[in-house]
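Because the structure is predicted, anything quoted here is derived from the model rather than measured. When a ligand or atom number is given, it counts from 1 through the structure's own listing order.
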Amino acid sequence: MNDRQPMRILVAGATGNFGKALIPVLHQRGKEVVALVRSGSQSRLQPLDHHITETVVAEITEPDIAASTFRGVHTVISSVGITRQRDGLTYDQVDYGGNLNLLQAAERGGVQRFIYVSVVGADRAVRVPVIQAKRRFEKALIESTLKWQIVRPSGFFTDMTDVWKMALRGTVHIFGDGQSKISPIDPVDLAEATADLLDAEPGQILSIGGPADFTWNEIAELACQVAGKSCTIRHWPKWLLRATLAIMRGISRSTYGTLSFLGHVMTNDTTAPNHGSRNLGAFFRAQQEAEVQ
Ligand SMILES: NC(=O)c1ccc[n+]([C@@H]2O[C@H](COP(=O)([O-])OP(=O)(O)OC[C@H]3O[C@@H](n4cnc5c(N)ncnc54)[C@H](OP(=O)(O)O)[C@@H]3O)[C@@H](O)[C@H]2O)c1
């Protein structure tokens with residue numbers, strides 16, 4: 001890359017909440033965006049077409065990602081991971097294995113740097129499959145030949161839509177006593193902080209949350225207040241969570257995975273240093289306006 005050429009960034013996870021926030025930020029900063037999508041997901045990027053230089057289709061859970069995918073690419077930013085997908089794959093196959101395939105292909109393809117969007121708390125060994133998979137990938141990335149940066153966000157605003165939907169129905173269900181804290185962040189604030197890393201020294205881990213910490217009770221109360229509902233907040237005891245997890249483990253791997261993560265974040269503090277300006281109340285108000293239209 002010479003000084004006149006824009007830096008070419010490959011975004012993996014381009015169709016997700018974070019990827020869709022990141023693409024315009026990179027474009028506005030003069031970067032060339034290569035969006036990596038899996039077959040069948042391309043149409044989700046149509047509204048962002050004007051921000052994207054090239055779209056490449058690849059199955060990252062397969063080991064042989066074509067070298068041409070990385071032609072001219074300086075940095076890969078990956079937020080690939082299972083959140084709500086129900087395609088029968090495990091966190092080990094996607095969050096770990098898929099990202100590892102991508103990393104190894106990027107090494108072969110001459111990429112210089114790999115930025116990975118992990119999750120807050122990935123430094124701790126916990127019995128939560130998605131966190132275990134991300135922790136394993138973080139280790140592989142740190143041991144790779146590429147320059148690396150790791151972003152460990154607290155919960156995204158977009159994940160608070162579950163609380164919003166419960167608030168609209170008048171009852172919000174929470175595991176534990178609702179006193180555990182989280183620092184919800186808008187994906188756009190996260191995207192801007194991630195794009196800032198392109199100008200930062202490699203080898204850094206950025207733990208990052210939104211502008212304020214909330215308990216889960218406070219999030220529920222805020223959602224109910226914006227929804228104009230006098231809600232019931234129902235607390236499910238930890239023993240019931242543990243019993244449900246023990247049963248689900250043998251019945252449905254994907255439900256177990258989702259529930260173990262949700263139970264973990266609702267019963268443990270998952271705050272991260274505060275950052276950004278977009279606030280959760282405004283996010284809930286935007287949800288409400290979208291309901292009205
Ligand atoms: N949401 C949160 O609160 C939160 C908090 C902390 C960390 N994180 C982590 O941040 C990352 C991004 O979150 P997000 O909310 O943007 O997630 P998301 O909206 O579910 O996006 C996930 C992305 O990964 C891709 N993906 C999933 N399975 C795949 C597979 N088998 N092969 C190829 N691509 C696959 C999806 O592609 P398709 O569109 O094709 O499915 C999508 O582009 C995730 O790894 C998540 O664990 C999220």
Side-chain angles (χ1 to χ4, degrees), residues 10-23 35-46 48 52 55-63 65 69 76-102 105 115-123 128-138 141 150-164 182-191 193-194 205-210 214 216 219 254 257-258 260-262 264-266 268 270-272 275 280 283:
L10 184 137
V11 177
T15 51
N17 294 311
F18 173 75
K20 285 190 287 188
L22 178 68
I23 288 169
L36 183 144
V37 295
R38 57 177 165 169
S39 166
S41 292
Q42 298 98 311
S43 60
R44 292 189 205 162
L45 285 183
Q46 242 161 25
L48 296 177
I52 296 171
T55 301
V56 289
V57 178
E59 303 303 324
I60 69 159
T61 47
E62 307 291 328
I65 303 168
T69 307
V76 169
I77 303 180
S78 176
S79 58
V80 168
I82 297 177
T83 58
R84 286 152 208 270
Q85 293 80 4
R86 292 280 179 273
D87 41 21
L89 296 170
T90 63
Y91 298 108
D92 227 41
Q93 288 169 310
V94 177
D95 293 72
Y96 172 67
N99 280 303
L100 187 65
N101 288 336
L102 189 63
I115 301 178
Y116 176 55
V117 180
S118 179
V119 65
V120 72
D123 51 331
V128 178
V130 62
I131 297 180
Q132 287 171 341
K134 287 183 187 303
R135 184 176 158 86
R136 272 181 83 197
F137 180 69
E138 282 192 5
L141 177 58
I150 292 169
V151 183
R152 289 184 184 152
S154 188
F156 297 1
F157 284 3
T158 37
D159 258 29
M160 303 298 149
T161 46
D162 289 337
V163 177
W164 171 252
I182 186 164
S183 321
I185 183 164
D186 190 302
V188 177
D189 280 335
L190 182 62
T194 304
I205 297 177
L206 175 69
S207 289
I208 178 167
F214 291 84
W216 283 92
I219 293 175
S254 68
T258 310
S260 68
F261 181 66
L262 196 60
H264 172 77
V265 296
M266 284 190 169
N268 293 276
T270 54
T271 52
H275 176 88
L280 188 58
F283 174 76

Next item on the list: Just let me know how Ser41 lines up against ligand 1, side chain, backbone, both or neither, with a heavy-atom cut-off below 4.0 Å.
Entry: side chain

Check: Closer than 4.0 angstrom: is that true for some heavy atom of Pro187 and an atom of ligand 1?
Finding: no

Notebook entry, point to check: Does any N or O atom in Val94 lie less than 3.5 angstrom from one in ligand 1, N or O only?
Noted result: no

Next item on the list: Among all protein heavy atoms, pick the one closest to atom 27 (C) of ligand 1 and tell me residue, atom and distance.
Entry: Gly81 O, 3.3 Å

Check: What about Val130: any of its N or O atoms under 3.5 Å from an N or O on ligand 1?
Finding: no

Check: Mind checking whether Gly19 has an N or O less than 3.5 Å away from an N or O of ligand 1?
Finding: no

Notebook entry, point to check: By number and element, which atoms of ligand 1 are closer than 4.0 Å to a non-hydrogen atom of Arg44?
Noted result: 38 (P), 39 (O), 41 (O)

Margin query: At less than 4.0 angstrom from any non-hydrogen atom of Leu89, what atoms of ligand 1 do you find?
Written below: 31 (N)

Notebook entry, point to check: Based purely on interatomic distance, does Ser154 place a nitrogen or oxygen under 3.5 Å from a nitrogen or oxygen of ligand 1?
Noted result: no

Check: Looking at atom 17 (O) of ligand 1, what's its closest protein heavy atom, distance included?
Finding: Thr83 CG2, 3.4 Å

Note to self: Check contact between Gln85 and ligand 1, using heavy atoms of the residue and a distance below 4.0 angstrom.
What the structure shows: yes

Item checked: ligand 1-proximal atoms of Ala12, by part, heavy-atom distance under 4.0 Å -> neither

Note to self: For a side-chain contact (heavy atoms from CB on, under 4.5 Å) check, start with the C-alpha distance between Tyr116 and Glu138, then their side-chain angles and the critical distance, and finish with the verdict.
What the structure shows: CA-CA 8 Å; Tyr116 176 55; Glu138 282 192 5; 4.2 Å; yes

Next item on the list: Just let me know how Asp159 lines up against ligand 1, side chain, backbone, both or neither, with a heavy-atom cut-off below 4.0 Å.
Entry: side chain

Next item on the list: Using a strict cut-off of 4.0 Å, indicate which atoms of ligand 1 neighbour a heavy atom of Phe18.
Entry: 16 (O)

Notebook entry, point to check: Does Gly155 reach ligand 1, in the sense of a heavy atom lying below 4.0 Å from it?
Noted result: yes

Item checked: Atoms of ligand 1 close to Gly16 [distance to a heavy atom under 4.0 angstrom, numbered from 1] -> 16 (O), 18 (P), 19 (O), 21 (O), 42 (C), 43 (O)

Next item on the list: Please say whether Thr61 places an N or O atom under 3.5 Å from an N or O atom belonging to ligand 1.
Entry: no

Notebook entry, point to check: Which class fits the ring pair Phe156 and Phe18: parallel under 30°, tilted 30 to 60°, perpendicular over 60°?
Noted result: tilted

Note to self: Heavy-atom contact check, 4.0 Å cutoff: does Thr158 meet ligand 1?
What the structure shows: no

Item checked: side-chain contact (heavy atoms from CB on, under 4.5 Å) partner of Pro153, the single match among Leu206, Leu190, Thr194 -> Leu190

Note to self: Any side-chain to backbone donor/acceptor pair from Ser154 onto Ser183? Under 3.5 Å, distance only.
What the structure shows: yes

Next item on the list: Using distance alone, decide if ligand 1 has a nitrogen or oxygen within less than 3.5 Å of any nitrogen or oxygen in Phe156.
Entry: yes

Item checked: Mode of Thr15 contact toward ligand 1 - side chain, backbone, both, neither (heavy atoms, under 4.0 Å) -> both

Check: Any idea which part of Gln93 is under 4.0 Å from ligand 1, heavy-atom wise: side chain, backbone, both or neither?
Finding: neither

Checklist line | atom 28 (N) of ligand 1 [closest protein heavy-atom partner, distance rounded to 0.1 Å] | finding: Arg38 NH2, 3.5 Å

Check: Among all protein non-hydrogen atoms, which one is nearest to atom 12 (C) of ligand 1, and what is the separation to 0.1 Å?
Finding: Ser79 O, 3.3 Å

Margin query: Quick check on Ser118 - does any of its heavy atoms sit under 4.0 Å from an atom of ligand 1?
Written below: yes

Checklist line | Test item: Thr90 side-chain N/O and Gln93 main-chain N/O as donor-acceptor pair under 3.5 Å | finding: yes

Margin query: Before you tell me yes or no, could you show the steps for Leu45 and Ile23 under side-chain contact (heavy atoms from CB on, under 4.5 Å), namely the whole-Å CA-CA distance, both residues' side-chain angles and the distance that decides it to 0.1 Å?
Written below: CA-CA 10 Å; Leu45 285 183; Ile23 288 169; 4.2 Å; yes

Notebook entry, point to check: Is Lys134 near ligand 1, meaning one of its heavy atoms is under 4.0 Å from it?
Noted result: yes

